[in-house]
Amino acid sequence: MAIDRLFKDEATEEKGERARMASFIGAMAIADLVKTTLGPKGMDKILQSTGRGHSVTVTNDGATILKSLHIDNPAAKVLVDISKVQDDEVGDGTTSVVVLAGELLREAEKLVNAKIHPMTIIAGFRMASECARNVLEQKVVDNKQDAEKFRLDLMNIARTTLSSKILSQDKEHFAKLAVDAVMRLKGSTNLEAIQIIKKPGGSLKDSFLDEGFILDKKIGVGQPKRIENAKILVANTAMDTDKVKIYGARVRVDSMAKVADLEAAEKEKMREKVQKIISHGINCFVNRQLIYNFPEELFADAGILAIEHADFDGIERLGLVTGGEIASTFDNPESVKLGHCKLIEEIMIGEDKLIHFSGVEMGQACTIVLRGASPHVLDEAERSLHDALCVLSQTVNDSRVLLGGGWPEMVMAKAVDELAKKTPGKRSHAIEAFTRALLAIPTTIADNAGLDSAELIAQLRAEHHKEESNAGIDVISGSVGDMSELGISESFKVKQAVLLSATEAAEMILRVDEIITCAPRRREGM
């Protein structure tokens, strides 16, 4: 007896050829969507939300674009996820990884149509990616021992990363900012210590790096504007006990004098709390919550600087940077760890007053203040700078460096092509397809710059057949150039992550032969 229906009413399933087609088409559509943002001449996208305020984001960061999309196609979601992972792991290469995976699937589709089994294609891709990775490892340069050269490498990597972003006009300035900030970390990849503050006004060129920590708050009335050798208590506690804190509580009194007694009792309670805080021997109190006028007055009388409503990210970072812990009870002063810094003062940036903590416990802490024409420009500048900081902090740990501008792809393609000639059987077709997919990245870089990609790639291939060639695409002059002379470098870690993630994602989508979509849950009572 045949089973007619296995699934619920609205569940759908697609099998075999159709499932594979749906996967391929979804993944290629996503790759084509972000393809135009690749390279130094890539274009930006405007993302408009349908929520309240219709907020607008202008970006060419692959991960940001894909994160903002609501996608139905399951294979496309796999590509969105690899771009997110790439962003979290190494910070850059989010567009390249999606473009490469999309091209691998475009090539795989042709092979499947030529009746080559997906598992054979996967085996070929595996061999090709292994070969490509090995050849890259042989070509890396490592200048970790020579501080001068290593700094130059970092500057080149920062310039290359920033040249495809909004900061490309001032990439010298920002590359220096990013390298200085990362060098202060002394090998740590904890970017928490680098704070980025965005202040509209001025131009991008006015952005600067400041050692220490800047808190986006004003100093209260009648409080010291400058404190040396500060002892800081970072807290998250209520300093507004002028209302009864039990929900729905009522107090009945029979005269106004009783109300005055109640208020006096509350004031007394507040005064005790303030005394406990002062007894820690501090001269700066930073609170996550509000501080009302009365306690603020008491702090001012004691000569203590009290800062209220410091945002959570702000106080977490302030605690980390000054070496203090966030406290919420004050009965045991000896168990509370205070933060320390040499100087607290008020500074002006543009129109705004901010509080500057310098000489902090965590010596590697610094703040980058971004200036720019509008919030959209600042948001995109922050994303670009964050990418550069991520790549640089990873490079400080894994100091292997490659040339950029399509050079790594040409080197890999040459090695993989030679492997294809030696490999017998159908797998060689898959390995050849891998070569073509690798060439898609320099092709796209050239296309986006409005150059003749077919001509340039043919020239590049000829150049790379000579021994030890450094040829890549020089987008500015529109011809083949020497990448080491132009100072276009990329981190090995980024390239390796792009290659492996894209191959694995393509492999995963190739294995699919059935897509089952569950029936939507029905609301009760419908």
Side-chain angles (χ1 to χ4, degrees), residues 2-3 6-7 11-33 35 71-82 96-135 409-410 412-444 453-454 457-458 461 498-517:
I3 299 176
L6 189 61
F7 302 114
T12 58
E13 66 167 332
E14 288 177 355
K15 284 189 172 170
E17 204 57 39
R18 287 194 58 179
R20 208 166 278 130
M21 281 300 293
S23 302
F24 286 160
I25 288 167
M28 289 189 282
I30 283 287
D32 290 343
L33 175 78
K35 204 183 237 182
I71 296 169
D72 230 10
N73 187 294
K77 280 190 178 150
V78 172
L79 290 201
V80 173
D81 288 344
I82 61 164
S96 313
V97 71
V98 176
V99 171
L100 182 55
E103 287 302 323
L104 284 171
L105 289 168
R106 199 182 301 267
E107 293 296 334
E109 185 190 16
K110 295 174 195 165
L111 297 175
V112 169
N113 291 342
K115 299 284 181 284
I116 295 177
H117 194 278
M119 283 304 162
T120 312
I121 301 173
I122 288 172
F125 279 3
R126 278 265 169 93
M127 287 168 67
S129 78
E130 193 58 39
C131 165
R133 183 164 163 265
N134 291 342
V135 74
E409 284 76 19
M410 296 307 294
M412 292 192 281
K414 182 183 170 192
V416 173
D417 203 30
E418 281 165 11
L419 174 72
K421 287 170 187 161
K422 294 178 207 156
T423 309
K426 285 185 176 176
R427 277 182 309 185
S428 62
H429 294 298
I431 298 173
E432 267 173 33
F434 199 92
T435 312
R436 290 195 291 275
L438 281 171
L439 293 180
I441 287 188
T443 307
T444 311
S453 58
I457 298 301
R461 188 180 272 165
V498 166
L499 178 71
L500 300 183
S501 305
T503 313
E504 281 173 14
E507 223 177 82
M508 193 169 173
I509 293 168
L510 259 175
R511 285 172 183 271
V512 173
D513 76 334
E514 187 164 354
I515 299 173
I516 300 168
T517 314

E418 vs K421, test: salt bridge (Lys or Arg N to Asp or Glu O under 4.0 Å). Steps then yes/no.
CA-CA 5 Å; E418 281 165 11; K421 287 170 187 161; over 6 Å; no
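- Of the inter-residue distances, the one linking L105 atom CG with E107 atom CD reads 10.0 Å to the nearest 0.5 angstrom.
- Rounding to the nearest 0.5 Å places CG of N113 at 10.0 Å from CZ of R20.
- Using a distance-only test at 3.5 Å, with no hydrogens or angles considered, a donor-acceptor pair links the side chain of N73 to the main chain of A22.
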Carefully, step by step, assess D32 and R106 under the rule side chain to side chain contact (heavy atoms under 4.5 Å, CB included).
CA-CA 11 Å; D32 290 343; R106 199 182 301 267; 2.8 Å; yes
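- For the pair K35 (side chain) and V99 (backbone), a donor-acceptor distance under 3.5 Å is absent.
- For S428 (side chain) and G425 (main-chain N/O), a donor-acceptor pair under 3.5 Å exists by modelled atom type.
- In this structure, M412 and V135 have side chains that are in contact, with non-hydrogen atoms separated by less than 4.5 Å.
- The shortest distance between side-chain heavy atoms of M28 and E103 does not fall below 4.5 Å.
- Between A76 and I30 the shortest heavy-atom distance is CB-CG1, 3.4 Å.
- Contact check for L499 versus L438: side-chain heavy atoms found under the 4.5 Å cut-off.
- Between I441 atom CD1 and S96 atom OG the span is 5.0 Å, to the nearest 0.5 Å.
- For T435 against A413, the heavy-atom pair with the smallest separation is CG2-O, 3.4 Å.
- Between A502 and A101, the shortest heavy-atom distance links the atoms CB-N, 3.7 Å.
- Across all their heavy atoms, A505 and V78 have their closest contact at CB-CG1, 4.2 Å.
- Note that CG of D417 is 10.0 Å distant from CE of M410, once rounded to the nearest 0.5 Å.
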Contacts table for residues 116-127: side-chain donor-acceptor under 3.5 angstrom, sequence neighbours left out:
| from | atom 1 | to | atom 2 | distance (Å) |
| --- | --- | --- | --- | --- |
| H117 | ND1 | M119 | N | 2.9 |
| R126 | NE | E507 | OE1 | 3.4 |
| R126 | NE | E507 | OE2 | 3.0 |
| R126 | NH2 | E507 | OE1 | 2.7 |

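- Atom CD1 in I71 sits 7.5 Å away from atom NZ in K77 (nearest 0.5 Å).
- Within a 6.0 Å radius of CZ in R436, more than 12 heavy atoms belonging to other residues, nucleotides or ligands are found.
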So L79 and I509, side chain to side chain contact (heavy atoms under 4.5 Å, CB included) or not? Walk me through it.
CA-CA 9 Å; L79 290 201; I509 293 168; 4.2 Å; yes
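- Atom OG1 of T503 sits about 6.0 Å away from atom CG of L100, to the nearest 0.5 Å.
- Shown here for A75 and S23, the closest heavy-atom pair between the two residues is CB-O, 3.4 Å.
- By the side chain to side chain contact (heavy atoms under 4.5 Å, CB included) test, N134 is found to be paired with E130, E137, residues two or more places apart in sequence or in another chain being considered.
- Here the side chains of M508 and E504 are not in contact, with every heavy-atom distance at 4.5 Å or above.
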